[in-house]
Engineer: 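Dumping the structure here so I can ask a few things about it.
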Amino acid sequence: MQGVRQPGFIRHFIRVNWKWLVAVTGLTATGCAVQLNDRTQPRLLYDAPLNVQEFEADVSVGGRREIRQVTIEVDGSMDAMMNTGDDRWLVRKALPVCDEVVGYRFLVDYDDAGDTSPPFRRKVFPDSGRFVRPVLDQPAECEGEPGIGDDHFRVVDVSDAPDAVPGDGYCSTTVSTDDPASVCTLRAAVMESNATPGLNFIELVRGSRYVLTVEGGERDDEPDASVGDLDITDSVVIRGGRGFCTPFSTTVLDLGSLPEPFRLRESPSGTGLIDANGIDRVIDIYGGDPEAPVEVYLQCVTLTGGARLGPNRGFTNQRGGAVLNRGHLVMEHAIVVQNSIRGQSSRGAGIFNTGRLIVRDSALVHNDGRLAGAVAGGTDGGAISNDVGGHASIERSLIAYNEATRGPAIFNGRYARGGLPEPPPGAVARLSVSNSTIAFNTGGDSSGDWRAGVVNLNHGLLQSGWSTLHDDDNPLVYNTGRIEVGNSLLSAPGTDVCSFGDYGFISLGGNWMSSGECLRRADGGDTVSRSIGLYGALEVNNGFTPTMAIRPAAGGAPGPVDAPAVGLPLCPAVDQRGFPRPVDGSGNGRSDCDAGAFEFNAERP
């Protein structure tokens, strides 16, 4: 099938047919004290002009408990339901025009054993994900909406069955789309996308969890999307729902204390979530033709449960716990959380990149490359391992609480051992970090040198601007290549910024550092101070990801707020949160760009 390039829009090859949708109906969800039976119609019909739909549920409780309120959440909007008698609750709600699928969940508030005083207990149904329903018979004006129509893969079913006939133009798990058992799963959509030339589009239901369950033994160089991880061999956009992406905190829970301050919520609602369930990594992106590489765009998507687990001893060279990228990958408002690799010389518990990678407005947290009983070898890159030939860019993003033997946040380059060849002459691993926060990542190298959060080897070129690097106990940088840093905050109050034997970095000016032993060459305007104005905690400061706020120095002393305009020539238009910069945060009459990823006193646009 050939696509038509539409002016002003990205080309979409996306297939949808509501005959293929199967909605969950009559489902009884059970909690320890509460039962709920969703009575909403399996297929909703568009109701002009306001598209008002009815949602119903039977709710019952046992013992001396009493239901106080039932609330429905529809795509982030909350409405109280009415008790119509006989344990049935009802609400009529207007849905947006042209939304062809709706995701929702119920929140049941009840008292326990006669305790009639708030706060009441709450149970959420379903326990994870959303109930989903198609909205059929959309008005004619919806047909012209970008990304909607006969070319749209919209994945409503969360099972993991493969596509029956890849390349026939239909995302369907059965040969006949008229078969009542036919559904469009994520695996089927990826298989059909691979078999359909051009840039394809797959839409997930926000708040749903797509769990991979079909195990298989395919090799990394032999793509087979029908089993194991999702092998992508043709260009595709995968997006978790429509509209604006909701913040990181709707998907990841902030527990507020170590050792596990961020963990995946039991019912993450902010993105479309793909869970590899420990059977393999999540996504494997192939390179394609060098003149026409495979291009993948992940938007409003969470990747979790990826695992490449080799034996603890012996060089197994596992690559990419969540993502192995050899093509061109762009991630926006994405979350990579709780993925893992094991085995010596394994690389990238979150992402292993040897192609082109852009991570923007995203978070990589709690990816685990620890090696139990580690001996010589170990793992490289808890969040990202960028190999020689790779080119990675991290923008307005968070990398925190990842673990690996070496470079638990970022490992840039290749440590040739255990069968890994030396890089070819002239090969370079390029990586840039801007407007981002790297904090609290844990390295496990017993020698101490390489446990630094960021490791850059002699064939690596790493550049950082307006970023915040912090750790209480571990060095921030280990470098044997070239690192250039400007207008950044580097805070390691309990140790040195650079680990022992480090080559240091080239300062482009405007940096604030807790120690100055790293400076290999300084262009002026750097400040060394054990107190550089960080609050010292990752907090939700109204951006997509948590950030580390800064504050003016006491008594009007110089500080990172409204730092002198030295260093890099152009201040970014926004900080990591997307708030405008520069602003006059200290009240000194100057609007200079603050050092680091956070602009003090900036206001939400």
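Side chains are part of it too, since the values below use all heavy atoms of this structure and drop only hydrogens, waters and symmetry mates.
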Engineer: If you look at every heavy atom in Pro42 and Pro134, which pair is closest and at what distance?
Structural biologist: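 Minimum heavy-atom contact is O-CD, 3.5 Å.
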
Engineer: If every non-hydrogen atom of Arg105 is compared with every non-hydrogen atom of Phe125, which pair is closest and at what distance?
Structural biologist: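 Here Arg105 and Phe125 meet closest at CB-O, 3.2 Å.
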
Engineer: Identify the heavy atoms of Asp380 and Ser385 that sit nearest to each other, and give their distance.
Structural biologist: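 Nearest heavy atoms, Asp380 then Ser385: O-CB, 3.6 Å.
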
Engineer: Under a 4.5 Å cut-off applied to non-hydrogen side-chain atoms, are Val336 and Met331 in contact?
Structural biologist: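 In contact.
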
Engineer: Compare all side-chain heavy atoms of Leu324 with those of Arg308 and state whether any distance is below 4.5 angstrom.
Structural biologist: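 Answer no - side chains too far apart.
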
Engineer: Do Asn441 side-chain atoms and Glu403 backbone N/O form a donor-acceptor pair below 3.5 Å?
Structural biologist: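 No, the answer is negative, given that no donor and acceptor are paired below the 3.5 Å cut-off.
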
Engineer: Hey, is Asp387 close enough to Arg319 for a salt bridge, meaning N to O under 4.0 Å?
Structural biologist: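 No, Asp387 and Arg319 are not salt-bridged.
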
Engineer: Verify, without hydrogens or angle tests, whether Glu395 (side chain) and Val433 (backbone) share a donor-acceptor contact under 3.5 angstrom.
Structural biologist: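 No; zero donor-acceptor contacts below 3.5 Å.
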
Engineer: Please check this pair: side chain of Tyr210 against backbone of Val205, looking for a donor-acceptor N/O pair closer than 3.5 Å.
Structural biologist: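 A pair under 3.5 Å: yes.
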
Engineer: Could you verify whether a donor N or O on one side chain and an acceptor N or O on the other, from Asn367 and Asn402, lie under 3.5 Å apart?
Structural biologist: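 Yes, Asn402 and Asn367 have a side-chain donor paired with an acceptor closer than 3.5 Å.
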
Engineer: Please test His328 against Val296 for side chain to side chain contact (heavy atoms under 4.5 Å, CB included), starting from the C-alpha separation and ending with a verdict.
Structural biologist: CA-CA 6 Å; His328 289 189; Val296 177; over 6 Å; no

Engineer: Measure across Cys171 and Phe153 and return the closest heavy-atom pair with its distance rounded to 0.1 Å.
Structural biologist: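 Minimum heavy-atom separation between Cys171 and Phe153: CB-CD2, 3.4 Å.
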
Engineer: Stepwise, does the side chain to side chain contact (heavy atoms under 4.5 Å, CB included) test hold for Phe248 with Ile335?
Structural biologist: CA-CA 8 Å; Phe248 169 91; Ile335 300 172; 3.9 Å; yes

Engineer: Report the relative orientation of the aromatic rings in His333 and Phe544; use parallel for angles under 30°, tilted for 30 to 60°, perpendicular for over 60°.
Structural biologist: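 Perpendicular.
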
Engineer: Phe106: what forms a ring-ring contact (aromatic ring centres under 6.0 Å, His included) with it, not counting sequence neighbours?
Structural biologist: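 Listed in chain order: Tyr104, Phe131.
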
Engineer: Identify the heavy atoms of Val155 and Thr185 that sit nearest to each other, and give their distance.
Structural biologist: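 Shortest heavy-atom separation between Val155 and Thr185 comes out as CG1-C, 3.5 Å.
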
Engineer: Can you measure from CD1 (Ile285) to CD1 (Ile232) and round to the nearest 0.5 angstrom?
Structural biologist: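 Answer rounded to 0.5 Å: 5.0 Å.
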
Engineer: Judged by atom type as modelled, is there a donor-acceptor pair below 3.5 Å linking the side chain of Arg187 to the main-chain atoms of Ala225?
Structural biologist: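 Such a contact is found between Arg187 side chain and Ala225 backbone.
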
Engineer: Whether the Thr547 and Asn541 side chains hold a donor-acceptor pair (N or O, under 3.5 Å, no angle test) is what I'd like checked.
Structural biologist: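 Their side chains do contain a donor-acceptor pair, which is all the 3.5 Å distance test asks for.
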
Engineer: Please determine which of Leu230, Thr304, Leu298, Thr302 meets the side chain to side chain contact (heavy atoms under 4.5 Å, CB included) test together with Ile274.
Structural biologist: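 Running side chain to side chain contact (heavy atoms under 4.5 Å, CB included) over Leu230, Thr304, Leu298, Thr302 with Ile274 returns exactly one hit, Leu230.
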
Engineer: Would you check if the side chain of Asn277 reaches a backbone N or O of Ile279 as a donor-acceptor pair within less than 3.5 Å?
Structural biologist: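 Checking the backbone N and O of Ile279 against the side chain of Asn277, no donor-acceptor pair under 3.5 Å is found.
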
Engineer: Are the side chain of Asn386 and the backbone of Thr354 linked by a donor-acceptor contact shorter than 3.5 Å?
Structural biologist: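 Flag not set: sc Asn386 to bb Thr354 has no pair under 3.5 Å.
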
Engineer: Is there side-chain contact between Leu44 and Val102, with heavy atoms separated by less than 4.5 Å?
Structural biologist: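 The answer is yes; the side chains approach within 4.5 Å.
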
Engineer: I'd like to know if the side chain of Asp163 and the backbone of Ser172 have a donor-acceptor N/O pair within less than 3.5 Å.
Structural biologist: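 Present.
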
Engineer: Is the shortest side-chain N to carboxylate O distance from Arg239 to Glu203 below 4.0 Å?
Structural biologist: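 A salt bridge is absent here (no side-chain N lies under 4.0 Å from a carboxylate O).
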
Engineer: Do the rings of Tyr401 and His366 sit parallel, tilted or perpendicular, given the 30° and 60° boundaries?
Structural biologist: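 Tyr401 and His366: parallel rings.
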
Engineer: Counting distance only, does the side-chain N/O of Asn194 pair as donor-acceptor with the main-chain N or O of Asp231 below 3.5 Å?
Structural biologist: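 Here the side-chain-to-backbone pair exists.
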
Engineer: Indicate whether any N or O donor in one side chain lies under 3.5 Å from an N or O acceptor in the other, for Ser193 and Asn200.
Structural biologist: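 Yes, Asn200 and Ser193 have a side-chain donor paired with an acceptor closer than 3.5 Å.
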
Engineer: Do Thr379 and Thr405 have side-chain N/O donor and acceptor atoms under 3.5 Å apart?
Structural biologist: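 There is such a pair (donor and acceptor under 3.5 Å, judged by atom type) between the side chains of Thr379 and Thr405.
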
Engineer: Decide whether Gln576 and Ser397 meet the rule of one side-chain donor and one side-chain acceptor closer than 3.5 Å.
Structural biologist: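 Checked: Gln576/Ser397 side chains show no N/O donor-acceptor pair below 3.5 Å.
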
